[in-house]
Each structure stands twice: as structure tokens, then as C-alpha cells.
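Since the structure comes first, as C-alpha cells, the remarks are kept for the end.
The figures that follow rest on heavy atoms only: side chains count, while hydrogens, waters and symmetry mates do not. Atoms within a ligand are numbered from 1 in the order they appear, just like the ligands themselves. Please read all numbers here as calculations on a predicted model, not as lab measurements. The first residue of the sequence shown is numbered 1, and numbering continues consecutively from there.
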Amino acid sequence: MPGPLTGRRIVLGVSGGIAAYKAVDLCRRLVDAGAWVAPVLTPDASRFVAPLTFSALASEPARTSLWGGPEPIPHTRLGQGADVVVVAPATARVIGAYAAGISDELLTATLLATRAPVVLCPAMHTEMWEHPAVQANLATLRDRGVHVVEPGVGRLAGGDQGPGRLAETDEILAALERVLGPRDLEGVRLLVSAGGTREPIDPVRFVGNRSSGRQGHALAEEAASRGGLVTLVTTTSLPVPAGIDVVRVETAAEMEEAVLGRSDACDVIVMAAAVADFRPKLAAEDKIKKADGVPEVVLEPTTDVLAALGRGRRPGQVLVGFAAETGKLRERATEKLRTKGIDLIVANDVSAPGVGFEHETNAVVLLGGDGTEQQVGLTAKREVARIVLDAVCARLGRGGDSSGDDSTERG
Ligand code: CTP
């Protein structure tokens, strides 16, 4: 029976660790599942397992070098043609080179030459796995959307025990199936807002907040990668991948106009932006001079965009809000869910370490208008995006799973 791996082109990267022998089984299982498998071995991997072993099992001969093969530029052909690149085992060196953008051999060159999703399956000794440099590199890669299948705990080379053992083949296959799974937002029109608004006091000063916009951008990118037609209304200048329609705004009023003006055409609206609740009533035309004394800044309320969406929503539209709190998280978020008339609220305690504003990571609670609740521990913002969009898909009746817990891949 065809499955998510059938007919997919998979580059299987193998780097130099003792777990390289397990990649042979992975290779065979991928071929059995109907995938086209192109193995790429690092020079060190070839010390553990002969390239011939992979060549005999895979869909095409194993490659081990940028040089001397039949094609002049193998990494771009492999990278461009792949539906997914999986590296199992991924050593600390490969992880480090990939995070730093160094293409020192065929596998790292292929990783940099691909726009396909990448799944890394690290395997190394516990001391190396727990080293802050390795963890920092993985955090960087996760933030870029790379999937990491965490190693297990068990016997390591040399008789040592501990975390660092390559994940089981079944786990790696499950991760690949999920990455290549159905494009469950195909054709769905989504609007995502991101970043903190800036409300001018004068031409050089503003009232702002600490939102970086990263969570909203991660939501937009994840939605697009699942086939969604995405408009991102953002206050940031962060780069946005091709295929996402970007509207750059600065103030709450511009955000209001951009969002409300497009809302009728949207199936899903996710308000991840930190919209100012108050703005200076009057912004000075010229810079306020210090010599003129301390100015009195009078504030006025802005429109609550999300509440306006909740009042004017069209049938079937899914509305998602965020709640940034510094205490009484559930209570306050539940109240916002109710008063704003939305389907789902993503609540985070922004006073907790590593959470929310200015961080690469987030920890949230997803509360549904139907009483559902899902806790997501500290993880990459892209992973939070994936979970939020699973919940959105479930509400759209598109087979998303808002309750599944596959923390092995979440890290
Ligand atoms: N929001 C909005 N328009 C505003 C303020 C907030 O659309 N003027 C949206 C945010 O994008 C977010 C949600 O409302 O999705 C909650 O924002 P938050 O700042 O946590 O709550 P507030 O409504 O501002 O309430 P409070 O100040 O009491 O926390």
C-alpha cells in the first residue's frame, strides 16, 4: 500500500560514528517503503561501513565525495532533487558544520544545497551530546526548521551507557513520515500577524514592546510548508521565504487596517502580534527637545483587532489569539478566549526563563474554546507553530492532531 514515503526522494546522509551500521537497516527499510534512496557517506562513515553495502541496498550508488564522481556538482543535484534529507547518524562535526554553514565535504554541501526538510538523528557519546556547543548548534538548527530526532539512552561504543544512542529505526521512519506527511493546509488561506507594534511619540521615539516576531514568522513558515496560502502581516524586518505574501506594518492602526481589510478572505487568522493597547494621542511632528522639559505623553486606546475579528467573523473561520501573561496564565487566557470570541488561545508566561519575547524558544498552553487544553514544554518556536497548526487543522476538519504527543522529536 502506498504510504507517505512511497515515491519520495530521500537523501540518506551517514556520518562517521559506530551507529553508521544501523543506517544500513534504515536504508533497506526506506527502500521497502517505496522511497528512492540516495546514500551520501562522509569519509569517516566509510571507515565504519563500506559504501558498497549502501550501494547494494539503495536506489542509486552511494556517494562519498564532491570530487571524482560521474557528475561535476553532485551536491546541488542531490540537494535540489530531494524531498527530504535525513542524516543518521549525525555526528557533532556534521551538526556543527551545518549550523555554521560550512560545506567541507559532500554531505554538508548537500545539506546547504537543499531546500527540502532536513531530519537530523544525532548519535554520539553522552559528554559530546550534552556539550553546550552541540546543544547550541542544535538549537540554531531547530530554529531554522530542522527536525531533530533525539537520541535514546542506552549502550554506547566502548561499553559506556547514557544518552547519545541513535534513535530506533522505527522512530526515524515515523519522523520522516510525519515530515513528508500530507500537506494538510493545502489551499487554506491563512493570515498571521507578527511582531510588536511601535506607536510614535515623535519622529524618533516610540512606545513599543519586547516582541521579536519570531513566533509569528515561525507560524507563517510552517503554514506555508504545509501548503497554506499565507499572508504575513509583520512589524519586523526578519527575512521571509518566497511564497509568503508579506505586508510590513509598524503601528497598531496599520496592523488593524492590514488585518481587518483582509480578514473576509481568510479561513484562518492567527494573531501572534503584540499589538499595543495604547498609543500616544498625538505624535509630535518634530523631535521633542530635551531643553523643552519633560513632555507629558497622553495615551489613548487602540482597537482590539482580535476582538473585532471575533465579532465580525464569517462562518467556519478559525481565529487564534495569543496571551502573553506574567501570572494567572490559565485564568487570564481563558478569559481572553471568551471575551474575544475566538477558537483557540496560545498562552505563555513571558516571565518564565526561555519563554516568549526575545527568545528562540517558547513554552505554551493551548486552550480551546471547546474546553481542550494542551501543554507544550520549552521547545523551538517552529515546533510550537507545528503544534498550533495541528490544532487549527483539527478545527478545520483536516485531520490534524491537536493531542498527539511525540516529545521524542520535540526535544
Ligand atoms: N490583540 C489585538 N489587538 C490589540 C491587542 C491585542 O488583536 N489591540 C490580540 C493579540 O494579537 C493577541 C491577543 O489579542 O492575540 C491578546 O493580546 P494580549 O496583549 O495578551 O492581551 P490584551 O487583549 O492586550 O489584554 P491585557 O492587556 O489585559 O493582557
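Between D83 and R9 there is no salt bridge, since none of the side-chain N atoms of the basic residue sits less than 4.0 Å from a carboxylate O of the acidic one. Salt bridge annotation for D343-R395: absent, with no cationic side-chain nitrogen under 4.0 angstrom from a carboxylate oxygen. Salt bridge annotation for E360-R214: present, with a cationic side-chain nitrogen under 4.0 angstrom from a carboxylate oxygen. Between R28 and D25 there is a salt bridge, since a side-chain N of the basic residue sits under 4.0 Å from a carboxylate O of the acidic one. By the 4.0 Å N-to-carboxylate-O rule, K381 lies too far from E221 to be salt-bridged with it.
Set against the non-hydrogen atoms of M271, the atoms of ligand 1 under 4.0 Å away are 7 (O), 11 (O), 12 (C), 15 (O). In summary, the atoms of ligand 1 found under 4.0 Å from a heavy atom of T303, numbered by their order in the structure, are 3 (N), 4 (C), 8 (N). Residue-ligand proximity, A324 to ligand 1, at heavy-atom distances under 4.0 Å covers atoms 20 (O). Taking every heavy atom of T302 and a limit of under 4.0 angstrom, the matching atoms of ligand 1 come to 8 (N). For ligand 1, the atoms lying closer than 4.0 Å to a non-hydrogen atom of G321 are 15 (O).
Atom 27 (O) of ligand 1 has its closest protein heavy atom at D277 OD2, 3.1 Å. With hydrogens left out, the protein atom closest to atom 3 (N) of ligand 1 is V305 N, 3.0 Å, a heavy atom. With respect to atom 10 (C) of ligand 1, the closest heavy atom belonging to the protein is A273 O, 3.4 Å. The nearest protein atom to atom 4 (C) of ligand 1, hydrogens excluded, is given as V275 CB, 3.5 Å; this is a heavy-atom distance. Of the protein's non-hydrogen atoms, the one nearest atom 12 (C) of ligand 1 is F322 O, 3.1 Å. The protein atom (non-hydrogen) at minimum distance from atom 25 (O) of ligand 1 is K336 CE, 3.4 Å. Ranking the protein heavy atoms by distance from atom 7 (O) of ligand 1 puts L306 N, 2.8 Å first.
Under a 4.0 angstrom heavy-atom cut-off, A323 registers as being in contact with ligand 1. At least one heavy atom of A276 lies less than 4.0 angstrom from ligand 1.
The shortest heavy-atom contact between V149 and A175 is CG2-CB, 3.6 Å.
With D267 as reference, R189 is the one residue of R262, R189, R313, R398 to meet the salt bridge (Lys or Arg N to Asp or Glu O under 4.0 Å) rule.
Of the candidates E335, K340, M255, K340 brings a heavy atom nearest to atom 14 (O) of ligand 1.
A donor atom on one side chain and an acceptor atom on the other are found under 3.5 Å apart for T372 and D370. The closest side-chain donor-acceptor pair between E256 and T303 falls under 3.5 angstrom.
Listed for the N137 side chain is a donor-acceptor partner under 3.5 Å among the backbone atoms of A133.
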